[in-house]
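Note sheet for the following structure.
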Protein chains: 2
Amino acid sequence: MSVRKLCLTILSFGDATGYEIRKESTSGRFSYFDEASFGSIYPTLAKLENEGLVTVREESQSGKPTRKVYSITKAGRAALVTELCAPQQPDSYRSPFLLIALCAEHLDQATLRAAIERRRLHLQEELSVLQGHNEETQHPGARWTRNYGIACMEFSLGYLASHGEELIAMAGRPAGANPIDDGSGRLSKTTEQTPPVATEAAE
Amino acid sequence: MSVRKLCLTILSFGDATGYEIRKESTSGRFSYFDEASFGSIYPTLAKLENEGLVTVREESQSGKPTRKVYSITKAGRAALVTELCAPQQPDSYRSPFLLIALCAEHLDQATLRAAIERRRLHLQEELSVLQGHNEETQHPGARWTRNYGIACMEFSLGYLASHGEELIAMAGRPAGANPIDDGSGRLSKTTEQTPPVATEAAE
DNA sequence: TTCGGTATGTATCAAATCAATATATGTCAG
DNA sequence: CTGACATATATTGATTTGATACATACCGAA
């Protein structure tokens, strides 16, 4: 049911085509709320039109296939408000990066380093997007979410910067069922590049 | 393809039934990596068994339907490492809460307050889960991800505590020229001491 | 004690959704 | 002038979800 909210929300910030809605929900201003593909967006827009919550106008330019530009109606705005007032679903964070981190002991340093770097780049890219959208932040809610996003990402970047090496140092060090390797204490320098890591499937 | 990684990862931390895998992925120790329902877990486990990456043993207790307990094999561990070494997909954060925040101007204070409170409770609950799992954090990777999670959640809680009121104060203050709310909610009228919301200059 | 609620468990199915692709056109670089 | 890329609508096959059925056990309340 949330593709509805997504479409209505994006349209409440301005007219858009299905293509634009998809783009903004995956990698644009609206990429923190929900994601959807064409297969769900187009049917949803059709349904919304059918319910009178949005209208369409066809803009046929020279040559180009006719753009179908959707606009939200007053009834659409009211419906959006109603849906937003219902108790929200919990936020979800799904992290392929943390999965790698979780398994650090079974991987090698290069893999961990690459994973951190990829995560860092992704965060910085998203940060740039957010920081770039400061012109159109006249909407108070948009400004608040933008600041929240920036704060969270800067925090994450800082954490990666200050704790990344710790993670990398865990490469190839299975903890095993042995008495907590905490006992070994300084697991840092001495064994740095010693063990043939090699990700042996330890069992 | 990530349900595979999820199952293999959970099994690499110990034997489990399909039911347990599902539970841990939605609300347990492993709830930050990927989510899956029975409809994808059971077929995946069957396929993994077929490939020799996991084994099953049936434990038939008195009365209860036979538990099918899955174990990861050496080949399974190797396959997991291989898959983890491939470039990871970007992390994703989907936030029904931020969607509400984005639309703050169209909602009322009670709704915003409730949304923040719900978010706060959810964060605290997840935080408790993480903090409760400090015994079994002998795995270095698990310890790192746990600390990372705790740090992020504490940061978020702090941000909500210090900026939540700002958000609530945005209730019923449309910024742009659009008089929304189709009259059904005369929020903007009744808004208390609101001076004409300085932020204008709509597109 | 028996009813209902919750928890453990496996398993399936219709409906929703995704990833990929087909179609069509414009643009811009090499 | 060719190939890659962006815009744009739309569909299709495969996957995934959400709900449910089935079966048992435990626990508190009527």
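Lettering follows sequence order; numbering is per chain, from 1.
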For a quick test of reading the model: is some side-chain N or O of [X] closer than 4.0 Å to OP1 or OP2 of [N]?
| X | N | answer |
| --- | --- | --- |
| T17(B) | dT8(C) | no |
| K23(A) | dT7(D) | yes |
| S40(B) | dT17(D) | yes |
| Y19(A) | dT9(D) | no |

Quiz item: Does a donor on one side chain sit under 3.5 Å from an acceptor on the other, for Y148(A) and S156(B)?
Solution: yes
Using residues 7-15 of chain B as the side-chain source, report each donor-acceptor pair under 3.5 Å to any protein atom, sequence neighbours left out, with the distance given to one decimal.
{"unit_1": "T9(B)", "atom_1": "OG1", "unit_2": "K5(B)", "atom_2": "O", "d": "2.7"}
{"unit_1": "S12(B)", "atom_1": "OG", "unit_2": "T9(B)", "atom_2": "O", "d": "2.7"}
{"unit_1": "D15(B)", "atom_1": "OD1", "unit_2": "S71(B)", "atom_2": "OG", "d": "3.1"}
{"unit_1": "D15(B)", "atom_1": "OD2", "unit_2": "R57(B)", "atom_2": "NH1", "d": "3.2"}
{"unit_1": "D15(B)", "atom_1": "OD2", "unit_2": "S71(B)", "atom_2": "OG", "d": "3.0"}

Choosing from [options], which nucleotide comes nearest the side chain of [X]?
| X | options | answer |
| --- | --- | --- |
| R67(A) | dA8(D), dA11(C), dT16(D) | dA8(D) |
| S37(B) | dA11(C), dG18(D), dG9(C) | dG18(D) |
| F38(A) | dT16(D), dA20(C), dG9(C) | dA20(C) |

Practice problem: Provide, to the nearest angstrom, the distance between the CZ atom belonging to R4(B) and the P atom belonging to dT16(D). | Solution: 12 Å
Practice problem: State which residues pass salt bridge (charged side-chain N to carboxylate O under 4.0 Å, His left out) with E51(B); sequence neighbours excluded, sorted by chain then number. | Solution: R4(B)
Exercise. Mind checking G18(B) for me? I need base, sugar-phosphate or nothing, with any heavy atom below 4.0 Å counting as a touch.
Key: sugar-phosphate
Quiz item: Base, sugar-phosphate, or nothing for E58(B), non-hydrogen atoms under 4.0 angstrom?
Solution: nothing
Quiz item: So, do R120(A) and Q124(A) sit near enough that their side-chain heavy atoms are less than 4.5 Å apart?
Solution: yes
